[in-house]
Every structure is written in structure tokens, then in C-alpha cells.
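As C-alpha cells, the structure follows; a few thoughts come after it.
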Amino acid sequence: MNKLILGRYFPGESWLHQLDARAKMISVLLLIAMLFIADNWMAYLFLWMITLFIMHLSQVPFRTYVRGVKPMIWLILFTVILQVLFTSGSNVYIAWGPITISEYGLINGIFIFSRFVLIVFLSTVLTLTTKPIDLTDGINKLLSPLRFIKVPVDDISIMLSISLRFIPNLLDETQKVMDAQKARGTEFGQGSLFQQMKTLVPIFLPLFVSSLNRAEDMANMMDVKGYRSGIKRSAFRRIYWQKQDTWCLCSVCFIGVITVLLSG
């Protein structure tokens, strides 16, 4: 649990750290959209190169990204295996009842694996190089046009910010509870599936109670500081769009054009 790095911030002075949060969020969304447009080897190889280059620009060690993917690798592999075993197509190698292993299924499995891993990498780059408070400001600015149709933009942005902020805390607390249960003799991953599910109950209950207590403390703290929903607020911190942010979006759009050409 403590190996998940989604939601954690890695302090640094790289070019990506200095970009506006809005530019980074839009760029990541566009790059993720390109992953669903790509449909051949050349397009995915190109997006792999771009993602690795972006990870290099963040000046975060590559092993940090690998550690972030490891806790989710089994879920990714499970999805890939389902795709390989139950997708029929040309050049069928094995056909046994509903199970079919074909060239088309194997290629799709590799593409899905690349898609999931690259999505994790790109999302991790965003959170590692952007402070939670900057994410809040960026989300607030991007959603600001929705205020005209009475959407509570401030409440949505602060909820997203709090969620991202407390993901690492929740994971760290989960690890502490698991260590405490191990010290009491609990063995995780042992026995039948039902027995393994029973060992998770002593983890979820303390986490549920502590999360409610933390939420109540957070609400009291915001109440004491004068936070009120639906009231127009001033901003102590202001974010400014710079030339480097425009260049970033132009580069991503150029990457999108190349991806579409390679996919076509």
C-alpha cells in the first residue's frame, strides 16, 4: 500500500514543475485521449517515447514510477489476460470452448497493457510535479465557466483537492493498521478466499472510523476558518498563464496530429 505514489507531490525545479497546473491537466487529458485513438504499433511506440521523455523532464527517478505501477500490475495483467483469452480474430492459435487465443487477441492485449501503464505514468507525472493547492486552483479556473449555470465549482474543486491530498495519508494509515494486525498474529494472503476476506475486516473498520474522524476534524477546521459554501471568495494565491504553458499545449497538439496520422 505504501508503494502507491498517485496523489503524492515530489518537490523539484524541473520545467514540468514550473508549468501552470491548467496546462498540465489539459495536456494529460489530451495525451490520454490519444491512447484511445492509437490503434497500431507505430502509434503506441510513438506515445511510449513521448511518455518516457515527459517522465525524464520531470526529473523524478524512473524507479519511482515503476514502484507506482507495481501495486496495480496484477489488475492490469488480469484485464490483459481476459482480453487475450476471450477475443477471437484472425490466425487462431488455440480454440477450446469459449477460450480463444488468436493473433488479434494477443495484439489487443499488448495494446491494452500499454494503454493502462501509460495512463498510470501520465497521471503520476501530473501529481508528482503539481502541488495539491495548485491542482485546486487549476481545477477551479478550468471549471469557472460552469458558474453561469449554477454549478458549485468551488465545492467541486476543493473536494477533488482534498481527495488527492488524503490518498497518500489513507494509504500510509492502511499500512500502519496492517502492521498492527500482523503484530497481533494476523496473516494476510493465507488460507482460502473466504478466510482472506475475513482478515480484511479488521483493516476496513479502523480505516472507516479514522476517515470519519478525519472528515469531521477537517469540517470543523474549515468552519473555524470561515469557509462557507456558495459565497464568493477572494484568492490569496493567483496563477498566471505564461508562454511556456502555451508552448506546452502546442507541443501536445502537434503530438496529437502525429498520433492521428500514424493511426490512420
Side-chain angles (χ1 to χ4, degrees), residues 6 14-60 62 65-66 68-69 72-73 75-91 100-130 134-135 138-139 141-146 160 164 239 241-264:
L6 185 64
S14 70
W15 181 71
L16 289 180
H17 283 81
Q18 299 172 12
L19 286 176
D20 191 290
R22 293 169 292 180
K24 284 187 278 190
M25 284 188 286
I26 295 173
S27 299
V28 168
L29 290 176
L30 290 176
L31 289 171
I32 291 176
M34 294 173 202
L35 292 173
F36 292 92
I37 296 175
D39 60 358
N40 57 49
W41 293 102
M42 292 299 297
Y44 272 101
L45 180 60
F46 174 70
L47 291 175
W48 264 105
M49 294 172 58
I50 293 298
T51 303
L52 292 175
F53 178 69
I54 293 173
M55 292 162 59
H56 174 71
L57 288 179
S58 68
Q59 296 182 1
V60 177
F62 182 74
Y65 293 101
V66 175
V69 173
M72 292 177 281
I73 193 65
L75 178 61
I76 296 174
L77 290 178
F78 177 74
T79 306
V80 171
I81 291 172
L82 290 180
Q83 181 72 24
V84 171
L85 294 181
F86 298 101
T87 301
S88 59
S90 59
N91 297 332
T100 303
I101 299 179
S102 63
E103 180 182 0
Y104 179 75
L106 291 172
I107 293 175
N108 264 1
I110 296 174
F111 287 169
I112 288 177
F113 177 82
S114 298
R115 187 177 299 163
F116 273 105
V117 173
L118 291 179
I119 288 174
V120 174
F121 280 161
L122 291 171
S123 304
T124 305
V125 168
L126 175 63
T127 57
L128 286 178
T129 60
T130 313
D134 292 334
L135 282 176
I139 293 172
K141 292 293 184 180
L142 290 176
L143 298 180
S144 58
L146 298 179
L160 292 175
L164 288 173
I239 54 178
W241 190 272
Q242 301 178 10
K243 289 183 179 180
Q244 59 184 6
D245 304 312
T246 303
W247 280 111
C248 175
L249 285 184
C250 291
S251 301
V252 172
C253 291
F254 180 70
I255 293 170
V257 172
I258 295 178
T259 302
V260 172
L261 292 176
L262 291 175
S263 301

Evaluate the side-chain proximity of [Y] to [X]: yes if any heavy-atom separation is below 4.5 Å, no if none is.
| X | Y | answer |
| --- | --- | --- |
| Phe36 | Ile119 | yes |
| Phe121 | Leu31 | no |
| Leu82 | Phe78 | yes |
| Phe116 | Val69 | no |
| Leu128 | Leu16 | no |
| Ile50 | Ile54 | yes |
| Thr129 | Gln59 | no |
| Ile32 | Leu122 | yes |

Atom pair [atom1]/[atom2] of [X] and [Y] - distance to nearest 0.5 Å:
| X | Y | atom1 | atom2 | value |
| --- | --- | --- | --- | --- |
| Leu77 | Ile73 | CG | CD1 | 4.5 Å |
| Leu45 | Met42 | CG | CE | 6.0 Å |
| Ile76 | Ile112 | CD1 | CD1 | 11.5 Å |
| Ile255 | Leu262 | CD1 | CG | 11.5 Å |
| Thr51 | Leu118 | OG1 | CG | 4.5 Å |
| Leu19 | Ser27 | CG | OG | 7.5 Å |

Please report the C-alpha distance between Phe113 and Tyr44 in whole Å, then the side-chain angles of each, then the deciding distance to 0.1 Å, and finally whether the side chain to side chain contact (heavy atoms under 4.5 Å, CB included) criterion is met. CA-CA 11 Å; Phe113 177 82; Tyr44 272 101; over 6 Å; no

Which residues pass the side chain to side chain donor-acceptor pair (under 3.5 Å) test with [X], not counting sequence neighbours?
| X | answer |
| --- | --- |
| Trp247 | none |
| Thr79 | none |
| Trp41 | none |

Would you please test Val125 and Tyr65 for side chain to side chain contact (heavy atoms under 4.5 Å, CB included) and show each step? CA-CA 8 Å; Val125 168; Tyr65 293 101; 3.4 Å; yes

Sub-3.5 Å donor-acceptor pair from the side chain of Ser263 to the main-chain atoms of Val260, do we have one? no

Not counting sequence neighbours, which residues clear salt bridge (Lys or Arg N to Asp or Glu O under 4.0 Å) with Arg115? List them please. none

Evaluate side chain to side chain contact (heavy atoms under 4.5 Å, CB included) for Met25 paired with Leu135, printing each intermediate quantity in order. CA-CA 8 Å; Met25 284 188 286; Leu135 282 176; 4.1 Å; yes

When you look at CZ of Phe46, are more than 12 heavy atoms from neighbouring residues, nucleotides or ligands closer to it than 6.0 Å? yes

Not counting sequence neighbours, which residues clear side-chain contact (heavy atoms from CB on, under 4.5 Å) with Gln242? List them please. Gln244, Asp245

Taken in chain and number order and not counting sequence neighbours, the residues that satisfy side-chain contact (heavy atoms from CB on, under 4.5 Å) with Ile26 are Leu30, Leu142, Leu249

Using the rule given for side chain to side chain contact (heavy atoms under 4.5 Å, CB included), can you reason through Met55 versus Thr124, listing the C-alpha separation, both sets of side-chain angles and the distance that settles it, and then say yes or no? CA-CA 9 Å; Met55 292 162 59; Thr124 305; over 6 Å; no

Shortest non-hydrogen contact from Ala43 to Asn40? N-OD1, 2.8 Å

What pair of heavy atoms forms the shortest contact from Leu47 to Met34, and how long is it? CD1-O, 3.8 Å

